[in-house]
Peer 1: 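Sharing a structure, written as structure tokens. Questions coming.
First the proteins, then the strands, lettered A, B, ... as listed; each starts at 1. Model, not experiment: these values are computed from the prediction.
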Number of protein chains: 2
Amino acid sequence: MAATETLTAERILEATEEVLRRYGPAKATVVDVARVLGVSHGSVYRHFRTKAALREAVTERWLERTIVALRPYVDGGQPADERLTGWLTALFTLKRRKAGGDPELMATFQVLIGENSAVVDRHEDHLVEQIAEILAAGRTEGLFAAPERDAKATARAVFDATDRFHNPAHAADWSSPAAEDAFTAVVSLVQRALRA
Amino acid sequence: MAATETLTAERILEATEEVLRRYGPAKATVVDVARVLGVSHGSVYRHFRTKAALREAVTERWLERTIVALRPYVDGGQPADERLTGWLTALFTLKRRKAGGDPELMATFQVLIGENSAVVDRHEDHLVEQIAEILAAGRTEGLFAAPERDAKATARAVFDATDRFHNPAHAADWSSPAAEDAFTAVVSLVQRALRA
DNA sequence: CCGATGACAGATTTCAATATTTGTCATTCG
DNA sequence: CGAATGACAAATATTGAAATCTGTCATCGG
């Protein structure tokens, strides 16, 4: 596997993801990444100052995909209340499928999440921002009441109230059949709270 | 430290708690517990079949204390909506004080929680039961609307929606000053959802 | 000139030998 | 007689020496 292509940050991130998938977060080393790419580990350090920075970048990429996947639910053509339910359901379904489909990968992901709380905080802000957009649209459409406190706080409250259904820390609960009902109940609670 | 008193399950549980506090969950051994009590470790096994059973009993005792501490908020003389806010605030304050005041003890507690999910599930059921009582009272008082689904599911939804503020998994977030506001926002969201 | 290399020091992890702990039970003690 | 003991086997944890990894940098090669 000689480096036929130029060594880019992008290629390193792909290789790192592969190594993390294959060996898990505890055993994945920079040397492994370099081996997959057919380069010396020194070359990896030209693109990422530390192993931690490399893992952080992978985490960021990973989280970014969720943001992109949820975008359609923010902009979609239905009424805002349906879009909100759709968005929340999509987020839950996405995470649950990931957790159920490949528990080991989810465990790896959770370790990265734990290592990079600053990245996660920024990611949460993005998600809250998307909720805020839906809520603002809902107010324009006359579906949602004007917020008692500032709009951002309400969006954050919706995010926090549904935490149990998107925070990977709770992934173990999602396989239970009761989880579906619990999710529906919380979403309906949230919808009642927002209704004009 | 001769066994001047009779060796009871109660005394063993107290000693186990002390050992867990002092050495943490990883280093606390049955031999340590026996040493504190001045007996042989074989005697401890007369009262608890396994180390796991002993830890489970400690966990149960620990959780029971929360139930007792919250009881007054269920029965208290104020209107039900205020009692609900009081109950939720008490739970959050209790947990937060525990987490902030002695982080190591909290970490120990979290390990026990993780080991004994069956006990935790039963504990959650008790808490949800307390919420359900307040909600039922609130309906009688005309403060809360009749539930769309069954009453138990609504109580569970309130519990789930506030998960971030009582689940020890989130203890790390509670020290942030934003946590207080986030909590207030979610409680106010829940109250709006329930209002008649 | 510029990206890649690999030798290197210090930090971290692995592994296998050693010690401790768990759980049992025949025996002792009151 | 029933509660407590402590010797014991099997499971688990600790330890420290050896191996590997991280991060740097002087040197190489296109």
Peer 1: In this structure, how many angstroms lie between the P atom of C:dT5 and the NE2 atom of A:H47, rounded?
Peer 2: 10 Å
Peer 1: Side chains of B:T29 and B:D32 only: does a donor on one sit below 3.5 Å from an acceptor on the other?
Peer 2: yes
Peer 1: Hey, which of these two, A:G42 or A:A26, hits DNA chain C nearer its 5' end, going by closest nucleotide?
Peer 2: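 Mapping each residue to its closest nucleotide by heavy atoms, the 5'-most match is A:G42.
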Peer 1: Going by atom types only, do B:N167 and A:H170 share a side-chain donor-acceptor pair under 3.5 Å?
Peer 2: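 B:N167 vs A:H170: donor-acceptor pair found between side chains.
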Peer 1: For B:I134 and B:F144, work out which heavy atoms get closest and say how close.
Peer 2: O-CE1, 4.2 Å
Peer 1: In whole angstroms, how far is the P atom of C:dA4 from the CZ atom of A:R46?
Peer 2: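 These atoms are roughly 7 Å apart.
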Peer 1: Would you kindly give the CG-to-P distance between A:D32 and C:dT12, to the nearest whole Å?
Peer 2: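 These atoms are roughly 18 Å apart.
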Peer 1: May I ask you to verify if any side-chain N or O of B:S40 is less than 4.0 angstrom from the OP1 or OP2 atom of D:dA4?
Peer 2: no
Peer 1: Less than 3.5 Å apart, any donor N or O on the side chain of A:T59 or A:E115 sitting next to an acceptor on the other?
Peer 2: no
Peer 1: When the distance from CZ of B:R49 to P of C:dT24 is rounded to whole Å, what number comes out?
Peer 2: 9 Å
Peer 1: Could you state the CG-C1' distance from B:L37 to D:dT5, rounded to the nearest angstrom?
Peer 2: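 Computing the B:L37:CG to D:dT5:C1' distance gives 15 Å.
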Peer 1: Just checking B:T29: base, sugar-phosphate only, or nothing, at a heavy-atom cut-off of under 4.0 Å?
Peer 2: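 Sugar-phosphate contact only.
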Peer 1: Do A:H41 side-chain and D:dG23 base share a donor-acceptor contact under 3.5 Å?
Peer 2: yes
Peer 1: Check every atom of D:dT5, C:dT21, D:dT22 against the side chain of B:V31 and return the nucleotide holding the closest atom.
Peer 2: C:dT21
Peer 1: Counting heavy atoms from C-beta on, name the nucleotide in D:dT22, C:dG23, D:dA4 closest to the side chain of A:Y45.
Peer 2: D:dT22
Peer 1: Between C:dT14 atom P and A:Y23 atom OH, what is the distance in whole Å?
Peer 2: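 Atom OH in A:Y23 sits about 14 Å away from atom P in C:dT14.
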Peer 1: Between C:dT12 atom C1' and A:K27 atom NZ, what is the distance in whole Å?
Peer 2: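 For the pair A:K27 NZ and C:dT12 C1', the rounded distance is 15 Å.
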Peer 1: Between the side chains of B:E180 and B:R96, is the shortest nitrogen-to-carboxylate-oxygen separation below 4.0 Å, so that they form an ion pair?
Peer 2: yes
Peer 1: What is the distance, rounded to the nearest whole Å, between atom CG of A:L7 and atom C1' of C:dT5?
Peer 2: 12 Å
